[in-house]
Participant: 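Following this message is one structure expressed as structure tokens.
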Amino acid sequence: MNIEDKKKTGILLAMTLQMYPFHPMYKAGKEQRNQFLKLYIGALDDLTYDEVNAALTKCLRNAKFFPTVAEIYEAAGSVRKTAEGDEEKDAGQAWAEVMQLVRTCHVYKAWTYSTSDIEQAVKEFGKQELCALDADEVNTARAQFRRIYNDIVSRRKERAENKKILSRLGLKMTTALDGSGRKQLAMSRRRKL
């Protein structure tokens, strides 16, 4: 976020805060409120002003309390995916796609997946197992597949978020957390225990 966007974001956040009179920062002193807003602006640095604006607009329609940074990121991601037409499939849609592949391709034809997450879920569950399901096993298999798929999506999102954080922290911090830095972190945790 550039300096101009940071200023506009600060104003937007301050105006949004005025809509939540029960938030502790609403009644806080000017210096404390400014520190609070600076913290938010710093945490939202990966987003553009337009993304923050769209996210806060969505949050204002749904949130009863002043949105957290995580809620703003979640709303920004949701709005961005809708705008790009790149909404990811939920577990139910993934299951429906896989069952369609079972019916049309079975094990004899190549399967074409709409996402790599679905492909990975099929690999983890087992293509042959999916094709060999008996009618009384479908509900249990659906629940297991959905769990596998949701785990894969969660891991992918977590890796992407970690990569953003590490790139933001820079090479020095990444190196510190890798190798010897990891050993020091583990040793300091042991000492606390």
Side-chain angles (χ1 to χ4, degrees), residues 1-94 115 117 146-178 181-182 184-186 188-193:
M1 192 180 303
N2 63 38
I3 294 172
E4 184 62 31
D5 279 357
K6 286 182 181 185
K7 288 179 184 176
K8 290 181 353 187
T9 299
I11 293 168
L12 183 63
L13 286 167
M15 289 172 38
T16 304
L17 185 59
Q18 295 302 311
M19 299 174 139
Y20 295 93
F22 296 108
H23 191 279
M25 286 299 125
Y26 180 83
K27 296 177 183 171
K30 185 177 180 180
E31 182 62 33
Q32 191 177 11
R33 189 170 35 249
N34 285 343
Q35 290 300 321
F36 172 78
L37 293 174
K38 284 181 184 177
L39 181 66
Y40 258 69
I41 293 166
L44 297 171
D45 195 43
D46 293 340
L47 301 175
T48 65
Y49 168 76
D50 291 331
E51 289 173 323
V52 173
N53 189 7
L56 284 174
T57 300
K58 181 175 181 173
C59 289
L60 286 172
R61 292 175 182 230
N62 301 310
K64 295 178 183 176
F65 304 102
F66 187 76
T68 64
V69 171
E71 290 169 331
I72 294 170
Y73 267 103
E74 184 178 318
S78 172
V79 170
R80 183 185 317 111
K81 284 180 181 180
T82 300
E84 294 172 350
D86 187 28
E87 297 181 60
E88 70 184 33
K89 294 188 177 201
D90 65 24
Q93 293 168 319
T115 69
D117 293 338
R146 290 171 69 120
R147 183 186 51 76
I148 290 169
Y149 178 78
N150 286 333
D151 287 348
I152 289 167
V153 170
S154 294
R155 285 193 308 263
R156 178 181 45 78
K157 287 179 179 179
E158 185 175 354
R159 277 192 307 273
E161 185 65 27
N162 288 343
K163 286 179 181 179
K164 281 182 188 177
I165 290 168
L166 289 172
S167 70
R168 189 170 177 207
L169 292 174
L171 182 61
K172 185 177 180 181
M173 186 63 166
T174 304
T175 305
L177 290 174
D178 191 25
R182 201 173 332 148
Q184 290 174 351
L185 185 62
S188 67
R189 285 186 183 155
R190 285 187 204 133
R191 285 185 205 136
K192 288 180 183 177
L193 296 175

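In this chain, numbering begins with 1 at the start of the sequence shown.
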Participant: Heavy atoms only: give me the nearest Met1-Thr9 pair and the separation to one decimal.
Facilitator: SD-OG1, 3.4 Å
Participant: Quick check on Glu158: does its CD atom have over 12 non-hydrogen neighbours (other residues, nucleotides or ligands) under 6.0 Å away?
Facilitator: no
Participant: Under 4.0 Å between a Lys/Arg side-chain N and an Asp/Glu carboxylate O for Asp90 and Arg146?
Facilitator: no
Participant: Looking at every non-hydrogen atom in both residues, tell me the closest pair between Ile41 and Gly10 and how far apart they are.
Facilitator: CD1-CA, 3.4 Å
Participant: So do the side chains of Pro67 and Tyr20 get within less than 4.5 Å of each other, counting heavy atoms only?
Facilitator: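 The answer is yes; the side chains approach within 4.5 Å.
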Participant: Between Ala76 and Glu51, what is the shortest heavy-atom contact and its length?
Facilitator: CB-O, 4.1 Å
Participant: Restricting to non-hydrogen atoms, name the atom on Arg33 and the atom on Met25 that form the minimum distance, rounded to 0.1 Å.
Facilitator: NH1-O, 3.2 Å
Participant: State whether the side chain of Ser78 and the backbone N or O of Glu74 hold a donor-acceptor pair below 3.5 Å, judged by distance alone.
Facilitator: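 No, the answer is negative, given that no donor and acceptor are paired below the 3.5 Å cut-off.
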Participant: Would you indicate whether the side-chain heavy atoms of Val79 and Thr57 approach each other to under 4.5 Å?
Facilitator: no
Participant: Determine yes or no for a side-chain-to-main-chain donor-acceptor pair under 3.5 angstrom, with Tyr49 supplying the side chain and Leu12 the backbone.
Facilitator: no
Participant: Let me confirm one number: the CG-CG distance from Leu56 to Leu13, rounded to the nearest 0.5 Å.
Facilitator: 5.5 Å
Participant: With respect to His23, which candidate in Phe66, Phe65, Tyr40 satisfies the ring pair (Phe, Tyr, Trp, His ring centres under 6.0 Å) definition?
Facilitator: Phe66
Participant: So Asn62 and Glu71, do their side chains get closer than 4.5 Å, heavy atoms only?
Facilitator: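 No. Closest side-chain heavy atoms not under 4.5 Å.
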Participant: Could you tell me the separation between the CZ atom of Arg159 and the OG atom of Ser154, rounded to the nearest 0.5 Å?
Facilitator: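 Here the rounded value is 10.5 Å.
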Participant: So, for Tyr73 and Asp46, which heavy atoms are closest and what is the spacing to 0.1 Å?
Facilitator: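 Minimum heavy-atom contact is OH-CB, 3.5 Å.
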Participant: Between CG of Leu17 and CG of Leu37, what distance do you get to the nearest 0.5 Å?
Facilitator: 6.5 Å
Participant: Measure the CD1-OG1 distance between Ile11 and Thr16 for me, rounded to the nearest 0.5 Å.
Facilitator: 11.5 Å
Participant: Report the distance from atom NZ of Lys6 to atom CG of Leu44, rounding to the nearest 0.5 Å.
Facilitator: 11.0 Å
Participant: Can you spot which of Lys89, Arg155, Arg156 makes a salt bridge (Lys or Arg N to Asp or Glu O under 4.0 Å) with Asp117?
Facilitator: Arg156
